[in-house]
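Input: a single structure, listed below in structure tokens.
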Amino acid sequence: MASFLEGIRKIETKWQKRWDEKKIFVGKVDHSKPKYFVTVPYPYASGTLHIGHCRTYNLGDLFTRYKRQRGFNVMWPMAYHITGTPVLSVSAKIKEKDEKEWKKYRDYVSIYESDEKKVEEIVGSFVEPMNVAMYFSGKLMEDFKRMGFSIDDTREFTTGDPEYNKFIEWQYKILNEKGYITKGEYPILWCTNCKNAVGEDDIYAGDETKVEVSEFVGIKFKLKNKNTFLVAATFRPETIFGATNVWINPENKYCEIKIDDENWIVSSEAVSKLKNQHHKIEITREFKGRELFDQEVEVPLTGVVIPIYPATFVDTDHATGVVYSVPGHAPYDYAALVDLQKNEELIKKYSLDESKLKSIIPISLIKLDGYGEFPAVEIYEKMGVQSQEDIEKLEKATQTIYKEEFYSGVMKSNTGEFNSLKVEEAKVAVAKKLKELNLASNVYEVSTKAKCRCGGKIIAAVIEDQYFLNYGNKKWKELAFKALNNMKIVPEKYRQAFENVFNWLDKRPCVRKRGLGTEFPITKGKGWIIESLSDSVIYMAFYTIIKTIKESKIKPEQLKPILFDHIFLSNHDVETVSKETSISVDTINAMKSEFEYWYPNDLRHTAIAHISNHLSFTIFHHVAIFQEKYWPQMFSLNEMLNREGEKMGKSKGNVIPIAKIPEKYSVDLTRLHLASIATQESVVDWREVEVNHSKEKLRKFWEFAIMVEKSEKIDPQSYSFISKIVLASVKRNMKLAIDAMERFNPRDYILSGFFDNIRELENYLKLSSNSNEKEVQSVIKETVENMIILMAPVIPHICEEIYERYGNTGFVSLQKIEDIILTEEDTQLALQLKFLTNLMKDIEQVMKLVKSEPKKMIIYIAPQWKNELYKLAKDSFAEEAFNIGKIMSLVKNHETLNKYMKNIADEAKLMMKDPTIFRISMLTPDEQLNAIQGYIKIINKKYPEITVETYISDTKDVFDPQNKARKARPMKPAILLL
RNA sequence: GCGGGGAUUGCCGAGCGGUCAAAGGCGCUGGACUUAGGAUCCAGUCCUUAGUGGUUCGAGAGUUCGAAUCUCUCUCCCCGCACCA
């Protein structure tokens, strides 16, 4: 068993070497053939790929190889993505001696290196980000080749190459000229220590807790008789109508600040946050919260004057550290109010006006079904909250009330113009109104307190000069939809997802201050880098010219915008471009013609995860930059892969790296199994026991091929009936396979073209065991010869080997898969096989049921008039319901059927019961008889003790002792065992 | 929450208006071959029966001559939700 796979592995490396030597997968312009340009997104070069990624690239290769064998001039190039933050983060962690990261990278590198010292050395070199990128990009190509992928490796580049940077600069120059880039403010996560934006990678334990920026509405409560505002941050501005007082943490520090020409009071911690949120701030004075308790504030919009009270639940390190109290609808507020009202000590300590405090009662402003006036009070009592320190219960209560009020609450009449609005709407409307009146402004805060890997505190900061790709631009969106509507999406069901993404897409930040990448050309020198998802959307075009750039030794600085304008947009005349760039006219023409030959991208295949970003951006950027004829033509997508029912993950230790596939399974086996186990749109489960099955079938195929290696084929004219029907079935399977692949369904391609045909051969071997040996071998050889061409896209190595052993030169990978046209005879033979298969099933069934040991089998074929009756019924009741009255009257006027009125009445009852029985393809009684006679040897072989007689029911001398013959139906003979 | 996809016979997984009791695989049960077999081969695997019957495709309702397939409602599961590749 092992030896089979060992043999296959040798074959695999043998052919990979030959493909490489003969460079058969290098894309060359050839105007005599239709071209087909395939891409699969380049992998990110920060680690190795595993069998899950392999599924995607495997499908890409399948499509590529198939199209190549269908007569297209195909190109599938590959490059490596290194821009962005992950590579940086790897290096940072390696530098920090992060044990987990070291282990992870030792594991990665150990896949390729056996020497432990060398592994250490290589991982150590990863302190330099480029070393990470360079090491893995090299390994990725090795892996791809080892999987037999038919990639054109002469067009490799990385997204960090200076040539690529020039191309991306040009892309952004065009986008800017078209007005698709806008500038504005943007809140982000920011580390106060390293003074930098942070991403998930930079946050301590960022992969476990999700940290986001939350947008609060900071509502300004004017201090009575002063020109200073106490700014309370809230998610629920609509509750302003229920404010009864303001909460302040009594012992923590607050500051009075001058902020953008206003005076605010916020917590001391809030000041440093606001400084990073695009405000000009000066601290006027600093004091303890308790100093505010002798003052009062005005509630915006209502003008009501309310007091300021102490509450310990107020966290001064959260938003502004000021909270306004809505005890009717906020459980925390109610809890704090109750606490304070009964706390004589505190009242005395802060010299609060006791009668005023005790007179405070909740205000109801939202109507919520299932609750009374004050939902917060109800839930407080129901949950048995003890105090404002009872955080667990209060959190839950707040969540519940917030959610219910948000979705089902309606504003009451005491909310003025917002009366009877849904809370969901009122929330937005109130915030808008407050901002218009300059009574509120946005305050940003992190959703969860977090620390940067450097140890610094993470806050929400507002970036001023943030540039965005304005996907919300109406014209841009329209063009994108136009492109999408003309594209083929496979599986088609994902089109809807694209449409939703398109509608939802709006401004997207496209530059950042960190990470590897291309400097943003509009703000040269200011350290803005183009964000890495935004720099990888039109690079398919770059594949068409990078080869010439390298071969002609063009320097990056020669790659001026004018050159790209000329190649991609046909602007400027070539002489001018040549003069400006010092690149020869011939070279420029060569680049331009490569682009014009290969573009557009005919097929881009990838995983569905990319729909909401990469693939959508690809469409947007293409329509923004290129002429319509260069827009993407088709996307095909696949789901992910699990292993033994579980997601693969480093922590589970169940990852199969691509590099381990050849030795663990074999390349062809993996390719076959990956593509056939499920359709693209389902999550596949990689299970060892099932891989084993694919292995056995692969072996079977190999054995068939080798069995007839030296055999000669004989004249097909002399083939027996059995051979003919088997070959007709094989042919039909091949046709089904090709039809499936034309619909980009590789699974059905393999099921019909490989597994079904192997079954056909196994069956044939059984049926033909006493036939002419030469004939049998000839039939098998003919089938295998067809199969190796058809299956070469899936299991190319084995197919090449067999192709060679059968005396061919050249590569089966370049053999054309021809169209298959089924002739009348093929259809007839296939129908006969179907007829016989069903008959055998019926016989088996009856044989099982019969109690005695039969000596004789009589098969009664239905008479011709029944065929005619079925045909009449099929034609007459294609659309309408079967109807006995109608069929009888049709029969009455029928020149042949009218003789059988009585019998037909019985038959019609059957047809009434099951209208499907007459919707079949039929053979005439004589054809059925011939088929049975051609098959009689098989029946005899299976039941050697039984003699078989066959009759057409209405002929003379029918032996019918049990009156069975009348039960025969077209294609369904009656059977009698005696 | 929003958006998308899904639920098929013990399990995985096809089918997407009529040869559908529903491919194929796995598992299981018999049998053959064997020193042995976790290898291979054969047969069986909803119930019933000398066959061409009955009940099934998450639950319920509907459309149709006909529904696993179309529509609606419900329940449950998976995936995506922006500065992250």
Side-chain angles (χ1 to χ4, degrees), chain A residues 1 41 43-44 46 81 83-87 186-189 197 199-201 206 212-213 403 406-407 424 463 466 468-469 471 491 493-501 503-512 515 531-534 536 608-614 639-640 645 676-679 681-685 687-690 692-694 696-697 700 747-748 751-752 755-756 759 762 766 834 838 841-852 854 877-883 910 912-921 962 964 967-969 971-977:
Chain A
M1 173 178 56
Y44 199 83
S46 64
H81 200 189
T83 44
T85 54
V87 166
Y186 197 72
I188 53 156
L189 296 176
E200 197 177 289
D201 286 333
E212 292 169 308
V213 174
K403 217 167 158 179
F406 183 79
Y407 293 108
E424 203 175 338
I463 299 286
Q466 179 68 54
F468 300 86
L469 286 163
Y471 293 128
K493 73 176 185 184
Y494 294 121
R495 183 179 296 278
Q496 186 66 44
F498 277 101
E499 287 174 1
N500 290 327
V501 170
N503 282 323
W504 159 84
L505 274 175
D506 197 8
K507 291 190 183 65
R508 181 190 163 88
C510 60
V511 292
R512 349 182 31 189
E531 183 272 324
S532 74
L533 274 184
S534 311
S536 59
I608 56 167
H610 293 136
I611 292 174
S612 65
N613 43 56
H614 170 76
E639 259 284 2
M640 47 183 291
S676 64
I677 183 169
T679 49
E681 69 256 45
S682 48
V683 178
V684 310
D685 194 9
R687 303 201 291 186
E688 297 298 327
V689 280
E690 293 181 356
N692 198 51
H693 168 258
S694 293
E696 290 312 324
K697 292 294 172 189
K700 197 103 219 171
R747 182 178 199 258
D748 282 353
L751 254 41
S752 297
F755 291 110
D756 285 352
R759 227 188 314 282
E762 286 176 320
K766 263 182 263 165
K834 176 131 207 165
N838 287 342
K841 264 192 219 156
D842 283 349
I843 291 172
E844 276 163 29
Q845 201 172 153
V846 180
M847 288 297 279
K848 246 191 302 177
L849 293 169
V850 74
K851 277 154 199 106
S852 58
F877 301 102
E879 294 304 322
E880 58 180 307
F882 182 79
N883 169 318
L910 266 179
M912 183 75 192
K913 244 175 111 180
D914 178 9
T916 64
I917 64 172
F918 58 80
R919 295 172 208 273
I920 54 171
S921 309
Q962 292 186 16
K964 280 266 179 194
K967 287 198 168 180
R969 295 201 322 248
M971 301 300 276
K972 189 99 180 159
I975 297 156
L976 174 65
L977 294 177

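The residue D756(A) sits apart from the nucleic acid: no heavy atom pair falls under 4.0 Å. In this structure, S682(A) reaches the sugar-phosphate backbone alone: every heavy-atom distance under 4.0 Å involves primed, P, OP1 or OP2 atoms, never a base. The residue V683(A) sits close only to the backbone: its heavy atoms come under 4.0 Å of sugar-phosphate atoms, none of a base. Looking at heavy-atom distances under 4.0 Å, K493(A) makes contact with sugar-phosphate atoms alone, never a base. A609(A) comes within contact range of no nucleotide atom at all, as no heavy-atom separation falls under 4.0 Å. Within 4.0 Å of P973(A), counting heavy atoms only, lies at least one base atom of the nucleic acid. Nucleic acid contact class of D506(A) (heavy atoms, under 4.0 Å, all strands): base. Here T679(A) lies in heavy-atom contact (under 4.0 Å) with sugar-phosphate atoms only. Among the atoms of the strands shown, base atoms are found under 4.0 Å from some heavy atom of R969(A). The residue H81(A) sits close only to the backbone: its heavy atoms come under 4.0 Å of sugar-phosphate atoms, none of a base.
The listed nucleotides are G25(B), A85(B), G51(B); the one nearest the side chain of R687(A) is G25(B). Comparing atom distances between the R919(A) side chain and each of G25(B), G18(B), C84(B) picks out G18(B) as nearest. Listed candidates were G25(B), A50(B), C84(B). Nearest to the side chain of R508(A) is C84(B). For V689(A), taking side-chain heavy atoms from C-beta onward, the closest of the listed nucleotides C12(B), G27(B), A50(B) is G27(B). Comparing A85(B), U52(B), A14(B) by their nearest atom to the side chain of A678(A) picks out A14(B). Checking A82(B), G4(B), A14(B) against the side-chain heavy atoms of Q496(A) singles out G4(B) as nearest. Which of A85(B), A50(B), C41(B) sits closest to the side chain of E762(A) comes down to C41(B). In the set A50(B), U19(B), U52(B), the nucleotide with an atom closest to the side chain of V846(A) is A50(B). Relative to the side chain of I920(A), the nucleotides C81(B), C26(B), U19(B) differ in distance, and U19(B) lies closest. Taking every side-chain heavy atom of P86(A) into account, A85(B) is the closest of C26(B), A85(B), G51(B).
Side-chain nitrogen and oxygen atoms of S612(A) include none within less than 4.0 Å of the OP1 or OP2 phosphate oxygen of G4(B). For the pair R512(A) and A85(B), the criterion of a side-chain N or O lying under 4.0 Å from OP1 or OP2 is met. Between T85(A) and A85(B), a side-chain N or O to OP1/OP2 separation shorter than 4.0 Å is present.
A straight line from CE of M847(A) to P of U49(B) spans 19 Å, rounded to a whole angstrom. The CG-P distance, from N613(A) to A85(B), rounds to 11 Å in whole Å. In this structure, CD1 of I611(A) is placed 15 Å from P of C79(B), rounded to the nearest angstrom. In this structure, the CD atom of E688(A) is 15 Å from the C1' atom of G25(B), given to the nearest Å.
Taking atom C1' on both nucleotides, U52(B) is separated from A7(B) by 33 Å, rounded to a whole Å. Using C1' as the reference atom, C84(B) and C16(B) are 37 Å apart when rounded to the nearest Å. Here the separation of U63(B) from U55(B), taken at their C1' atoms, is 23 Å to the nearest Å. Between A22(B) and C12(B), the distance separating the two C1' atoms is 16 Å to the nearest Å. Taking atom P on both G10(B) and C46(B), the two are 9 Å apart, rounded to the nearest angstrom. Separation of the P atoms belonging to C74(B) and C2(B) is 12 Å when rounded to the nearest angstrom. Going from the P atom of C70(B) to that of G5(B) covers 13 Å, rounded to whole Å. U45(B) sits 14 Å from U49(B) when the P atoms are compared, rounded to a whole Å.
Base pairing analysis places A43(B) opposite U29(B); the two distances defining the Watson-Crick or G-U wobble pair are each below 3.5 Å. Across the strands present, G62(B) finds its partner in C70(B); the criterion is a Watson-Crick or G-U wobble pair with both atom distances under 3.5 angstrom. Partner assigned to G51(B) is none, using Watson-Crick or G-U wobble distances below 3.5 angstrom. Pairing for U9(B) is absent, judged as Watson-Crick or G-U wobble with the two contacts each under 3.5 Å. In this entry U19(B) has no Watson-Crick or G-U wobble partner, no candidate having both defining distances under 3.5 Å. The partner of C2(B), taking Watson-Crick or G-U wobble pairs whose two distances both stay under 3.5 Å, is G80(B).
Looking only at distances, a side-chain donor or acceptor of Y44(A) sits under 3.5 Å from a matching main-chain atom of T83(A). A distance-only check finds a donor-acceptor pair linking the side chain of N500(A) to the backbone of Q496(A) [under 3.5 Å]. A donor-acceptor pair under 3.5 Å is formed between the side chain of H81(A) and the backbone N or O of S532(A). E212(A) places no side-chain N or O within donor-acceptor distance of the main-chain N or O of L189(A), the cut-off being under 3.5 Å.
For E681(A) and R747(A), the salt-bridge test fails: no basic side-chain N is under 4.0 Å from an acidic carboxylate O.
Mapping Y44(A) and K697(A) onto RNA chain B by nearest heavy atom places K697(A) at the nucleotide closer to the 5' end. When the nearest nucleotides of RNA chain B are assigned to I975(A) and N500(A) by heavy-atom distance, the more 5′-ward of the two goes with N500(A).
Inter-residue side-chain proximity for S921(A) and K834(A) is flagged as unmet; no heavy-atom pair is nearer than 4.5 Å. Side-chain atoms of I920(A) and K972(A), non-hydrogen and from C-beta on, never get closer than 4.5 Å to each other.
Of the inter-residue distances, the one linking Q962(A) atom CD with L976(A) atom CG reads 5.0 Å to the nearest 0.5 angstrom. To the nearest 0.5 Å, atom CD1 of residue I975(A) and atom CD of residue Q845(A) are 9.0 Å apart.
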